[in-house]
Structures are given as structure tokens and as C-alpha cells.
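Everything below concerns the one structure shown next.
The analysis underlying the following values was restricted to heavy atoms, covering all of them including side chains, and did not include hydrogens, waters or symmetry mates.
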Amino acid sequence: MRRLEKAKRSIFFCSFGKDSSAVLHLIRAHLAKTLVVFIDCGAIYPDISAWAKEKGKALPHFLYFNTPGDFWEEVRRKGWPVEVDIPDLSGFGGEALGNDPLVFRVKVRPWTHCIYERFWRPMTTIIEAYKPDLVITGERKVDHPYRPLENGNGGIPHLRPIEDWDDEQVWSYLDLHRIELCETYRSRQASRRDCYACMGGGGDIRHNQA
């Protein structure tokens, strides 16, 4: 947390899920100099959206950002975001899927395409516009078992206060400090809820119950 103490213009990308809520509490003493940002990718659970707007009112600096474009129109045009890109499984997969959707029943695309358009690109745009000296997220290593968490990008230091925590530690912290969550998270499920229509699960579909 030393990085946060030294920062003068930090930014926290907060989903108001269990992990982000724990981080929001952890950095509460530094919120006066931190812009908290909620990115609505266009397919957020309604109760999460309402919760973010309500909680945002109590924060010194808060931005509710709506990703441009219509998520459902993108699904119709480009396909559902999934973990496996079916057309790549064979040489004729793309042609079959494109010319006759009934062959696979549904058009798909890699989940990374969707999350780049709906979250990563808006996140980068906000960072470039705000010019923070520290970027804070609630990411954990268990969320990305197949890739290391970078120390930062664009030359801006990143802080992930709970990157080494497991689910039990997160829930214990929330219980200890009696931190409330929106209805979607009250059943204490492990998966994230960035986008309830996402079949990709951000690299792990085992707990995606959306």
C-alpha cells in the first residue's frame, strides 16, 4: 500500500463485486485523492448497476461510465463471446458458421474480443484522459491462472491490494467489517459478474453461472 500513500492522483476501477468491495474498504483512507470508476459494459445485472450508482453518491470522486454501442446488437452481428473460438477448430469452420448458422446453432467469437471492446478499451481511454499516477484494481491471481498479472501498463504503476487472497480470505474480510454487497453477490458465489451474458468467464468458465 506504500504506492497508494505516495500517489497524488490515483484511479480505482471498481465493479462493486466482492473483491472490489473489499478493496474499496481497504483504500477508504485514500478516497479523497482517488477517482472510483464503474464501467457498465452494457450487459450488467440491473441490481449491480443500481448499487454502483447509489454507492457512488457517497464517494468523493466517482465516475459511472457507459461503454458506447449496444451490447445486444454486437452479439447479433458478431456472435456470443465464448472461451473457445469454434470456427478455428477446423479449416472450414468459419465458412460453415458464417454461411449456415444452423450448423453450429449460434454464432460465436473469442471472449477476448468482447471484453476488449466493452471493458479494456474504455479502461484505457479513461486512463489516458484522467492521467493518474496509480491504477488500482481488485484483480487476483486466481482470476487469471493462465497469465501473470502485469506490474503496470503505459508506464503507470498498478496496485492490486488483494491479488494474493483467495475467496475465503475475501469473504472473511467482508464479514469482519460487515461490508454489504448488492443482491447478486449475497449468495456468495465465486464467479465475477462483469457481464451476465458472457460465456467466456474471463478465462475460467467453471464458476460462470450466468
Side-chain angles (χ1 to χ4, degrees), residues 1-71 112 114-141 143-144 148-165 169-170 173-174 177-185 192-196 198 202:
M1 298 289 281
R2 186 179 296 272
R3 282 182 174 180
L4 181 54
E5 293 174 358
K6 293 182 177 180
K8 296 181 180 179
R9 188 177 176 83
S10 53
I11 186 170
F12 172 38
F13 288 94
C14 179
S15 70
F16 288 95
K18 65 178 181 61
D19 297 339
S20 287
S21 295
V23 173
L24 186 62
H25 186 270
L26 277 169
I27 68 171
R28 63 193 183 283
H30 305 279
L31 291 176
K33 62 177 181 180
T34 302
L35 173 64
V36 178
V37 179
F38 177 84
I39 297 179
D40 186 338
C41 68
I44 293 290
Y45 275 36
D47 70 300
I48 297 177
S49 176
W51 186 268
K53 291 176 180 178
E54 184 61 30
K55 292 299 179 181
K57 294 177 183 178
L59 298 172
H61 311 287
F62 179 69
L63 173 65
Y64 187 107
F65 185 89
N66 288 101
T67 301
D70 183 87
F71 173 80
T112 50
C114 180
I115 199 169
Y116 170 76
E117 296 169 357
R118 312 304 300 176
F119 190 81
W120 290 338
R121 186 163 59 185
M123 183 177 180
T124 300
T125 299
I126 294 170
I127 290 174
E128 291 176 348
Y130 189 68
K131 295 180 173 52
D133 57 3
L134 181 68
V135 175
I136 308 166
T137 69
E139 282 186 292
R140 295 184 295 135
K141 288 179 181 177
D143 294 326
H144 303 283
L149 292 177
E150 302 85 355
N151 291 325
N153 55 49
I156 303 172
H158 278 48
L159 174 66
R160 300 177 176 91
I162 62 171
E163 65 176 320
D164 293 317
W165 293 19
Q169 287 174 293
V170 175
Y173 184 87
L174 295 173
H177 296 282
R178 299 181 180 179
I179 299 172
E180 289 186 285
L181 300 175
C182 61
E183 183 178 353
T184 294
Y185 289 94
R192 301 175 66 174
R193 289 294 184 269
D194 290 327
C195 171
Y196 67 75
C198 183

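In this view, Asp47 and Tyr45, Cys182, Glu183, Thr184 satisfy the side-chain contact (heavy atoms from CB on, under 4.5 Å) rule, not counting sequence neighbours. Qualifying side chain to side chain donor-acceptor pair (under 3.5 Å) partners for Ser21, counting only residues two or more places apart in sequence or in other chains: none. Here Tyr173 pairs with His25, Trp165, His177 under the ring pair (Phe, Tyr, Trp, His ring centres under 6.0 Å) rule; sequence neighbours left out.
Taking CG of Leu159 as the reference point, atom CG of Leu4 lies at 6.0 Å (rounded to 0.5 Å). Once rounded to the nearest 0.5 Å, the distance linking CZ of Arg9 with CD1 of Ile156 reads 11.0 Å. Note: Ile179 CD1 to Arg28 CZ = 8.0 Å, rounded to the nearest 0.5 Å. In this structure, Tyr130 OH and Ser10 OG are separated by 7.0 Å, a value rounded to the nearest 0.5 Å. Between the CD1 atom in Ile136 and the CG atom in Leu24 there is a gap of 10.0 Å [rounded to 0.5 Å].
Among residues at least two apart or in separate chains, salt bridge (charged side-chain N to carboxylate O under 4.0 Å, His left out) pairs with a member in residues 48-62 are Glu54-Lys57.
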Pairs under 3.5 angstrom only: tabulate donor-acceptor contacts from the side chains of residues 36-44 to other protein residues two or more places apart or in another chain.
residue	atom	partner	partner atom	Å
Asp40	OD1	Gly42	N	2.9
Asp40	OD2	Tyr64	OH	2.6

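Scanning all heavy atoms of the two residues, the minimum distance from Thr112 to Trp120 falls at O-CZ3, 4.2 Å.
A salt bridge links Arg160 to Glu139: at least one charged side-chain nitrogen sits closer than 4.0 Å to a carboxylate oxygen. The pair Asp164-Lys141 meets the salt-bridge criterion, with a side-chain N (NZ, NE, NH1 or NH2) lying under 4.0 Å from an Asp/Glu carboxylate O.
Side chain of Ser20 to backbone of Ser15: a donor-acceptor contact under 3.5 angstrom is found. The closest donor-acceptor contact from the side chain of Arg3 to the backbone of His158 lies under 3.5 Å. Between the side chain of Lys18 and the main chain of Tyr185, no donor-acceptor pair closer than 3.5 Å is present.
Looking only at side-chain heavy atoms (C-beta outward), Asp19 and Ile162 come within less than 4.5 Å of each other.
Stacking of Arg118 on the aromatic ring of Phe71 is not recorded, the 6.0 Å distance cut-off and the 45° axial limit not both being met.
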